[in-house]
Amino acid sequence: MCPPETPTDFIRTIIQEDLASGKHQSIVTRFPPEPNGFLHVGHAKAICLDFGVAEEFGGRCHLRFDDTNPSKEEQLYADAIQEDIRWLGFDWGEHLYHASDYFEQLFEWACHLIREGHAYVDEQTAEEMRANRGDLNHPGVDSPYRNRPREESMDLFLRMRAGEFEDGAKVLRARIDMASPNLTMRDPAIYRIQHSPHPRTGDQWCIYPMYDFAHGQSDAIEKITHSLCTLEFENHRPLYDWFLEHLPVPAKPRQYEFSRLNLSYTITSKRKLKMLVDGGHVNGWDDPRMPTLCGMRRRGFTPQSIRALCREVGVTRTEGTVDFALLQSLLREELNETAERRMAVLNPVKVIVENWPQGKVEMVTAKNHPSDPLRGSREVPFGGELWIERDDFRIEAPRKFFRLKPGAEVRFKYAYYLTCTGYETDADGEVTEIRCTYDPESKGGNTEDGRKVKGTIHWVHAPSAAAAEMRLYDHLFREPNPEEGGDFLQNLNPDSLKVVSAWVEPDLAQWPAKKAVQMERLGYFCLDPDSSGEHLVFNRTVALRDSWAKLEKKIQQGSAGT
RNA sequence: AACCUGGUGGUGUAAUUGGUAACACAUCUGGUUUUGGUCCAGACAUUUCAGGUUCAAGUCCUGGCCGGGUUGCCA
């Protein structure tokens, strides 16, 4: 067990110093999603940081929706976002806010800028603005409207609000420096005309503030002390500070940037995720293969494992890609402790026990957890007709294959030792039935003579088994970097979802939703919402480590070479 | 090419602020095991390069090299 380590990183160091120096009595952070899509693992890192530091330092964290672009935002997303944050285990208490709560104040501040000569209404088209902005190597050119009288800008801005102009006809710009080497400082647009109803303010407004004009001021209004965001906003920090300096704001929050989370085999671009959904490459935003929090939840990932991932990767300014295997490892670490064991056969082949008394069914005792006796045990039916994994039997087995093969004796876990006496095949050579004899002296899975039986396999009693659909997942992309080659859609893994018909032990027929289970030797599973009393559906959250698969591959390569 | 920014094992982080590279994942070796799981033991880097300061440099200085971001009326 790992001790409860308190993470330390450059942001926490800054906060500690600010607290120690008395710059702040307590800290306030915020998580500011735009309600235009679903949250994904990348957001989880920001959420863990924003809410995490607030918790650690006894401050608070606000949930604030950055709802400044009504043409893209919907209440549906805002609701889903709240559900996802709560699921991760964080709580904003009373502190739910919206940038739209501040529209009136923001508007006043825009007027203030105009009055001070720090903003003007531009009438250039978007194309003209772009052309006159210059580029990386050339300074921009002043707009012909840049030096118009303040009164004129004020009049126009008021009329913009009054709805006199069409979308895009005019725009309010901050008057900063068209020659700034930082492109975001070249007279950025701060208000645009958009005649679309807002989910919260309805048709009250037809002009909306841009992100840059809303974010820092919202932070100031809420007295945010540390405004944490990802690296792509670094270039915006001078503008963030510029507004705070030129406006009569009640506080001077500071922005700090950290690098976003990248996971191998995963994309976390809202736009591209949407392409996967719209293109039918996945079955919706909560498809268990999606890196969305709702998808991961459905797949069976736990909030703890995602939080553990965020703790492990830390907070820095260096950009990199975290191995997806780390998340899986953390998940297994947790589930190994918490999940009870059950048995299921995914790719069944029949076993007939020749010397088993006709029609007899015997209950054997199986532990619910291998190392935790407190989890108890259950009685599982065993008999003369069983299902085992096709893969646990070989007619001709490679060296070191410890499972069933002609003449070999293996342990049927918790039941008996069985020895393979023969098998049947169909016209294609496919094994249709395996015949065995059992040793009556081996009940429970051991004998008094103490003889060694290396192989142990799982099984399900055929007559009492329940049918279940098992959905087995693999990476959505076959390349660690989905962008490899330039087009992520070309790298989709055609085998990312495999659906199989399985047999499961009777107990699984009433398995509770949301409860993780380890199917012995196969992996961790959970019930899918598609499941019904009639039709069981399980998702494999993550497979167990499989060192045999590696060994076998090596054996094959070795024999191929000789 | 301008501005901003980053560079420590395969990957992600750490290193008492100048004192001789630590942790996790991954990989590989062994051992235990009624899950080829778990668990246990071990292996794997001269810190982007070149100089310099110093008794001592991943940490400081100088100069290269390489990577990322920025030219929305998106956030």
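Reckoned from all heavy atoms, side chains included, excluding hydrogens, waters and symmetry mates. Convention: sequence-line order gives letters A, B, ...; per-chain numbering from 1.
- Residues from residues 122-130 of chain A lying near RNA chain B, meaning a heavy-atom separation below 4.0 Å, are Gln124(A), Thr125(A), Ala126(A), Met129(A), Arg130(A) in numerical order.
- Each of A75(B), U5(B), U71(B) was ranked by its minimum atom distance to the side chain of Arg133(A); first place goes to U71(B).
- The side chain of Asn336(A) lies closest to U38(B) when the candidates are U38(B), U71(B), U35(B).
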Practice problem: Would you give a per-nucleotide map of nucleotides 12-19 of chain B, 5' to 3', where B means the base has a protein non-hydrogen atom under 4.0 Å away, S means only the sugar-phosphate does, and - means neither? | Solution: SSS-----
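- The nucleotide A24(B) finds its pairing partner in U11(B), both defining distances of the Watson-Crick or G-U wobble pair being shorter than 3.5 Å.
- Within a heavy-atom distance below 4.0 Å of RNA chain B, the residues of residues 364-374 of chain A found are Pro370(A).
- Ranking C3(B), U71(B), U35(B) by closeness to the Pro181(A) side chain, first place goes to C3(B).
- When distances are taken from the side chain of His236(A) to each of A75(B), G36(B), G37(B), the shortest belongs to A75(B).
- Considering only the side chain of Lys400(A), G36(B) comes nearest among U70(B), G36(B), C74(B).
- For Arg192(A), whose side chain is taken as the heavy atoms from C-beta onward, the closest listed nucleotide among C73(B), U35(B), G37(B) is C73(B).
- Minimum atom distance to the side chain of Arg545(A) is reached by C25(B), of the listed C25(B), U70(B), G36(B).
- Closest to the side chain of Trp548(A), out of G36(B), C4(B), C74(B), is G36(B).
- Proximity note for Leu136(A) (side chain, C-beta onward) versus U71(B), A75(B), U35(B): the nearest is U71(B).
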